[in-house]
Amino acid sequence: MSGPIQNRRVLSGMRPTGQLHLGNYHGALKNWIELQYQYECYFFVADWHALTTGYEDTAKLESYVWSMVIDWLAAGLNPGVATLFVQSKVPEHAELHLLLSMITPLGWLERVPSYKDQQVQLADHDLSTYGFLGYPLLQSADILLYRPQYVPVGEDQVAHVEITREVARRFNHIYGREAGFEQKVEKAIKSLGSKNSALYRAMRKEFQEQGDAGALAKARSLVEANARLTVADRDRLLGFIEGAGISILTEPEVLLTATPKVSGLDGRKMSKSYGNTIGLREDTDSVVKKLKTMQTDPARARRTDPGDPEKCPVWDLHKIYSNSATQTWVQQGCRSAGIGCLECKAPLIEKVVEEISLFRKRAQEFEENPELVRGIIAEGGERARDVARDTLDLVRQSMGMNYR
Ligand code: TRP
Ligand code: SF4
C-alpha cells in the first residue's frame, strides 16, 4: 500500500499490563506504527478493560498507564499523526457501552469464547462479575464510537470484533429509521448514475435473496467508491443494502496482524505471565545476559553436536532480526556444528541491543518530562472526544434521546 488513504480510519487498544516487551512490540505495536502513516489512527490505553480482570489491585494501574504510553512513544508511535488517548478520559465510551447493553442479548456475551477461556485461565481471579461478562461489549463501544473501517488485532480478539459487528447491525436494525427514508434512498440511488444504480439494485437483490456475501461487498464498494455522495446518502445506501434502515453505527473489519513468532527466553511464547520476556526499554547489560543464557536446541549439549534451528527459539529471533546472509550462516553453522551457540547469538544480540537502545534513547525525554506525556494524552483525548461526541449525538438522536 502506498500513500495515505483518505477517509480510512483505524482504531485499536491495549490493556496496560506493565512494561511492554519484544513480544508486544513485534506482535502489535510495530504494526500500529506502520498503520499510523497509512490511515487516520486512534490508539488508546484500555484502562477500564484492565479492571475487568484486575479490579482488586489497582495500586499499579496508573504507573502502568504512563509507562505504556512511554513504551508506545519509544517504539515510534507518533502523536503528530496518530491520536493517542486513555479510555477512561473519554467517558463517551461508558455511555455508549451502557446504551448498547440495553439491546445486547445475554447469550451473545456468554457465547464469546474468551468468557469461558479466561475464567479457566485466570482461575485465581473471581471473574463472575458483571463487568467481566460485559467486557466484549465495552470493546464494541470502544470501536463503534470511532466508526473505524479497520481494527488491527491478533487472532484472540477476532471474536470481539465479530460481536461488535453484530451489535452494530442490531442497533441499526432497531434504531436506523428515518422519516421519508424510502424516498431519500430512491433519490440517492438515482444519483449514482444509470449504470451504477442498476448495478446497485442488482447486487442488493442478490444479497437480500441469496445472502451472497460477494454481492454485499460489491454493492458496498460501489457506494464507498463514489466520492460525490453526501455522508448521509452514503449511509442510507449502505444501510439499504442489508435492510431498510440507515447505518448509524458502521461495521468494522478485522485487520488481522500477521505476526512473527516471538519466542521467550525459555522457548515458550514471550509473555509476561511466563516471566520469559525482554523489555522494550531494558538496559543493555540485562538484555545481553538474558540472550546469552537463552534456551537453544537441547540436542546441542556439546559444541560439537550439530543442531536444528527449527528446534531453537534463538532461531525465531534471528528470523525477525537478521538479514538473509546471517540467517544462512546460522542454518549452515548450526546444522554442521560449525558455529557454537554463543557465536550464533552474537549478531542477534547486536541487533536487539541496537533496537532497544534506540527505544531507550527515545524514551528518555519522556521519562524526564512526564508533563510531555500528559500533554500528548490530554490532546489526544480531546481529539478522540470530538469524534466520540459526534457518534454519540447520532446515537442519542436515533434513540430519541437528544432532549435537554
Ligand atoms: N480487548 C483488547 C485486548 O485485551 C484490548 C482492547 C480494548 C481493544 N478495546 C479495544 C482492541 C478495541 C481493539 C479495539 O487486547
Ligand atoms: Fe540455536 Fe544458533 Fe545454537 Fe543452532 S547454533 S542451536 S540456531 S543458538
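Residue numbers count from 1 along this sequence. First listed ligand is number 1; within each ligand, the first listed atom is number 1.
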Taking [atom] as the reference point, the nearest protein heavy atom with its distance:
{"atom": "atom 4 (O) of ligand 1", "answer": "R15 NE, 3.2 Å"}
{"atom": "atom 4 (Fe) of ligand 2", "answer": "C334 SG, 2.3 Å"}
{"atom": "atom 9 (N) of ligand 1", "answer": "D142 OD2, 2.8 Å"}
{"atom": "atom 5 (S) of ligand 2", "answer": "R300 NH1, 3.1 Å"}
{"atom": "atom 5 (C) of ligand 1", "answer": "G13 O, 3.6 Å"}

Side chain, backbone, both or neither: I143 near ligand 1, heavy atoms under 4.0 Å: side chain
Within reach of ligand 1, part of D156 (heavy-atom separation under 4.0 Å): neither
Which of the numbered atoms in ligand 2 are below 4.0 angstrom from a heavy atom of [X]?
{"X": "C341", "answer": "3 (Fe), 5 (S), 6 (S), 8 (S)"}
{"X": "D297", "answer": "6 (S)"}
{"X": "T296", "answer": "6 (S), 8 (S)"}

Residue that, paired with F171, satisfies side chain to side chain contact (heavy atoms under 4.5 Å, CB included) out of L100, L99, T104, L144: L100
The single option from T83, L11, I377 passing side chain to side chain contact (heavy atoms under 4.5 Å, CB included) against F44: L11
Under-4.0 Å salt bridge between R201 and E186: yes
E367/R281 salt bridge by N-O under 4.0 Å criterion: yes
Distance-minimising heavy-atom pair for P79 and L77: CD-O, 3.5 Å
Numbered atoms of ligand 1 (with element) below 4.0 Å of V153, judged on heavy atoms: 13 (C)
Ligand-side contact atoms (ligand 1) for residue partner V151, heavy atom cut-off under 4.0 Å: 13 (C), 14 (C)
Y39-Y146 aromatic ring centre distance below 6.0 Å: no
C344 near atom 2 (Fe) of ligand 2 via N/O/S, less than 2.8 Å: yes
K351 side-chain N/O to S322 backbone N/O, donor-acceptor pair under 3.5 Å: no
Cation-aromatic face contact R15/Y135, 6.0 Å, 45 degrees: yes
R204 to F240 six-membered ring, cation-pi geometry met (6.0 Å, 45°): yes
Within-shell test, G307 vs ligand 2, heavy atom, strictly < 4.0 Å: no
Chi angles and distances behind the side chain to side chain donor-acceptor pair (under 3.5 Å) call for R360, Q364: CA-CA 6 Å; R360 265 207 325 275; Q364 197 182 351; over 6 Å; no
Selected option - heavy-atom contact closest to atom 1 (Fe) of ligand 2, from G340, G333, C312: C312
Options Q157, Q87, Q139, H160, ranked by nearest heavy atom to atom 8 (C) of ligand 1, top entry: Q139
